[in-house]
Amino acid sequence: MRPVSTAPSSSHYKTIVAGAGPAGILAAYHAAAAGPTLLVEARLMPRYKKCGGMLHQDTRQTLAQYAPIPDDIVLEPRTVLFRFHDWDRKVKKVTSLELLNVDRALFDEWLVGILPESIEVAAPCKIQSVTQDAEKVTVTLRTSQGETELTCDHLVGADGGRSRVRRELGIPNTAQYVTIQDFVRLEGPIEPYFDCIYMRGIGKEYAYTYIVPKGDVADIGCVYYPGSKQPWQMQDQIVRALRDAMPQLGETVKREASTALYVRSVNDVVPGQGRILLTGEAGGFLSPTSGEGISYAVRTGRLAGMAIAEHDSVDALTAYTKATSDIRADIGRKFRWLPVMESPAGKYLAGFVPRRIVSKITHGL
Ligand SMILES: Cc1cc2nc3c(=O)[nH]c(=O)nc-3n(C[C@H](O)[C@H](O)[C@H](O)COP(=O)(O)OP(=O)(O)OC[C@H]3O[C@@H](n4cnc5c(N)ncnc54)[C@H](O)[C@@H]3O)c2cc1C
């Protein structure tokens, strides 16, 4: 594990990055070329992020430029294809999207390790408040030793879906939905897919279920949109239905609930303000159709760090906004398909549409 301090060593940095997730790590990596950089993380490190741990092709392509993803963080089956599964009609539609199956905690720990030694990492260390003027950004941090005030030329908000930095700019956080994941022991092999299952009759706000084998367990995740009543009971009902059809699904070894970004409008996607750049989920960058977010985090984090390294003062935000325009266009394209994909008719028709077209609509492949 890389050395982590409990408090910053200086009162001024060229760049401060809030949040040591994939967006923050890539932003810090590149911003360091401009001068002293501090990466602060609110939680103890190594952190644990509740996640499916499936890496999109875009994530792997981006990270290949830094270091190879080590074999020992990859679980069996190593890669799986994304498949739509209409449960009641027993229709399965494989797409061209191939996902790498990793242990998310080990992946996050490995990613911290790619940071150059020159970058200072402080944790647990939480951004409390932020102000900015024409010359600088001032942040108040809470560390284990109390509150401290620092200044920087640029601040990167990479502090996730409940971003404090974003709220401090007066931009409301995006709505959230609940995901519950059951990790169940595998008593025998299941099909090697990331199965995105649509079951009718569960409830109006129930969106979909995914199931993927991860080593000796299967991850069964269910997405409940805002307004869902009794998601825990729905989760029991869904897991029961899956077990009835797949006796290989053994006992639940862990159940965990988390919230995720419910991005539903282009207005939710905001690159920043003044000297403050928002990346990853803090900026609303995430796939509105699948909830996949690591590829958006690494790409926007990288572009934010590069914009800071290559441009001075407020020009960095202009450069970053321009550099992320195709990512925002991609999210916009997904917004346009969302009403179709989420409607019962769209889910029905997905069973008839050729694989090539389903892959294009859902993943832009
Ligand atoms: C159940 C679930 C399953 C998922 N599965 C997948 C998947 O299989 N594949 C995929 O690509 N995506 C998946 N995602 C989405 C993915 O996890 C996120 O989109 C991705 O981690 C976002 O990265 P990030 O760097 O923007 O933010 P995060 O990874 O959320 O990191 C933000 C960090 O900021 C820290 N922080 C928060 N507030 C402060 C503060 N005030 N000061 C300092 N630090 C702060 C947090 O502690 C956190 O460590 C899933 C999400 C959920 C909820």
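In each ligand, atom 1 is the first atom listed, and ligand 1 is the first ligand listed. Atom set for the values below is all heavy atoms of this structure, side chains included, hydrogens, waters and symmetry mates excluded.
- Counting side-chain heavy-atom gaps under 4.5 Å among Ile, Leu, Val, Met, Phe, Trp and Tyr, the cluster of Leu249 also holds Trp87, Val178, Ile180, Val184, Leu186, Ile190, Ile197, Met199, Ile202, Tyr206, Ile211, Ile220, Tyr224, Trp232, Met234, Ile238, Val239, Leu242, Met246.
- For atom 42 (N) of ligand 1, the nearest protein heavy atom (residue, atom name, distance) is Ile127 N, 3.0 Å.
- Heavy-atom neighbours of Glu147 CD from other residues, nucleotides or ligands within 6.0 Å: above the threshold of 12.
- Both tests pass for Lys254 against the ring of Phe183: distance under 6.0 Å to the centre and angle within 45° of the axis.
- Close N/O approach between Gly161 and ligand 1 is not found [any backbone or side-chain N/O within under 3.5 Å].
- Within a 6.0 Å sphere centred on CZ of Arg2, other residues, nucleotides and ligands contribute more than 12 heavy atoms.
- With ligand atoms numbered from 1 in the order given, ligand 1 contributes 41 (N) to contacts under 4.0 Å with heavy atoms of Arg164.
- Heavy-atom proximity to Thr259, at under 4.0 Å, picks out these atoms of ligand 1: 53 (C).
- In terms of polar-atom proximity, Lys49 is counted as a contact of ligand 1, with an N or O under 3.5 Å from an N or O of the ligand.
- For atom 16 (C) of ligand 1, the closest heavy atom belonging to the protein is Arg104 NH1, 3.8 Å.
- Among residue pairs with one or both ends in residues 18-29, none qualify as side chain to side chain donor-acceptor pair (under 3.5 Å); sequence neighbours excluded.
- Compare Glu292, Glu281, Arg43 by their heavy atoms: the one nearest to atom 22 (C) of ligand 1 is in Glu281.
- Less than 4.0 angstrom separates some heavy atom of Ala23 from each of these atoms of ligand 1: 25 (O), 26 (O).
- When each atom of ligand 1 is checked for a heavy atom of Gly52 under 4.0 Å away, the hits are 3 (C), 4 (C), 5 (N), 6 (C), 8 (O).
- Note on ring orientation: taking the six-membered ring where Trp is involved, the planes of Tyr177 and Tyr225 are perpendicular (angle over 60°, cut-offs 30° and 60°).
- The closest approach between a heavy atom of Arg162 and any atom of ligand 1 is not below 4.0 Å.
- Taking only nitrogen or oxygen atoms, main chain and side chain alike, Tyr210 does not reach within less than 3.5 Å of ligand 1.
- The closest approach between a heavy atom of Cys125 and any atom of ligand 1 is below 4.0 Å.
- Considering both main-chain and side-chain atoms, Ala297 never comes within under 3.5 Å of ligand 1 through any nitrogen or oxygen pair.
- If you check which protein heavy atom lies closest to atom 45 (C) of ligand 1, you get Ala42 CB, 3.5 Å.
- Screening Arg243, Arg185, Gln181 against Thr252 for a side-chain contact (heavy atoms from CB on, under 4.5 Å) leaves a single residue, Arg243.
- In this structure the side chain of Tyr210 reaches within 4.5 angstrom of the side chain of Thr179, judged on heavy atoms.
- Checked by distance only, ligand 1 and Ser295 stay at 3.5 Å or farther apart across all their nitrogen or oxygen atoms.
- In terms of protein heavy-atom proximity, atom 35 (C) of ligand 1 is closest to Glu41 OE1, 3.3 Å.
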* Carefully, step by step, assess Arg302 and Gln65 under the rule side-chain hydrogen bond (donor to acceptor under 3.5 Å, both in side chains). => CA-CA 11 Å; Arg302 176 172 194 269; Gln65 300 168 54; 2.6 Å; yes
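- Taking atom 28 (P) of ligand 1 as the reference point, the nearest protein heavy-atom neighbour is Arg47 NH1, 3.6 Å.
- Remark: Arg60 engages Glu98 in a salt bridge, criterion side-chain N to carboxylate O under 4.0 Å.
- Every N/O-N/O distance between Cys51 and ligand 1 stays at or above 3.5 Å.
- Between Cys196 and Tyr208, the shortest heavy-atom contact is SG-CD1, 3.8 Å.
- Atoms of ligand 1 found under 4.0 Å from any heavy atom of Gly160, numbered from 1 in the order shown, are 27 (O), 30 (O), 32 (C).
- Near Gly19, meaning under 4.0 Å from any of its heavy atoms, are these atoms of ligand 1: 33 (C), 34 (O), 35 (C), 44 (N).
- Nearest non-hydrogen protein atom to atom 14 (N) of ligand 1 is Gly291 O, 3.7 Å.
- Protein heavy atom in closest approach to atom 51 (C) of ligand 1: Lys50 O, 4.2 Å.
- Taking the ring axis of Phe335 as reference, the NZ or CZ atom of Arg333 does not stay both within 45° of it and closer than 6.0 Å to the ring centre.
- Contact atoms of ligand 1 toward Thr179: 1 (C) (distance under 4.0 Å to a heavy atom of the residue).
- Close contacts of ligand 1 with Met54, meaning ligand atoms under 4.0 Å from a residue heavy atom, involve 7 (C), 8 (O), 9 (N), 10 (C), 11 (O).
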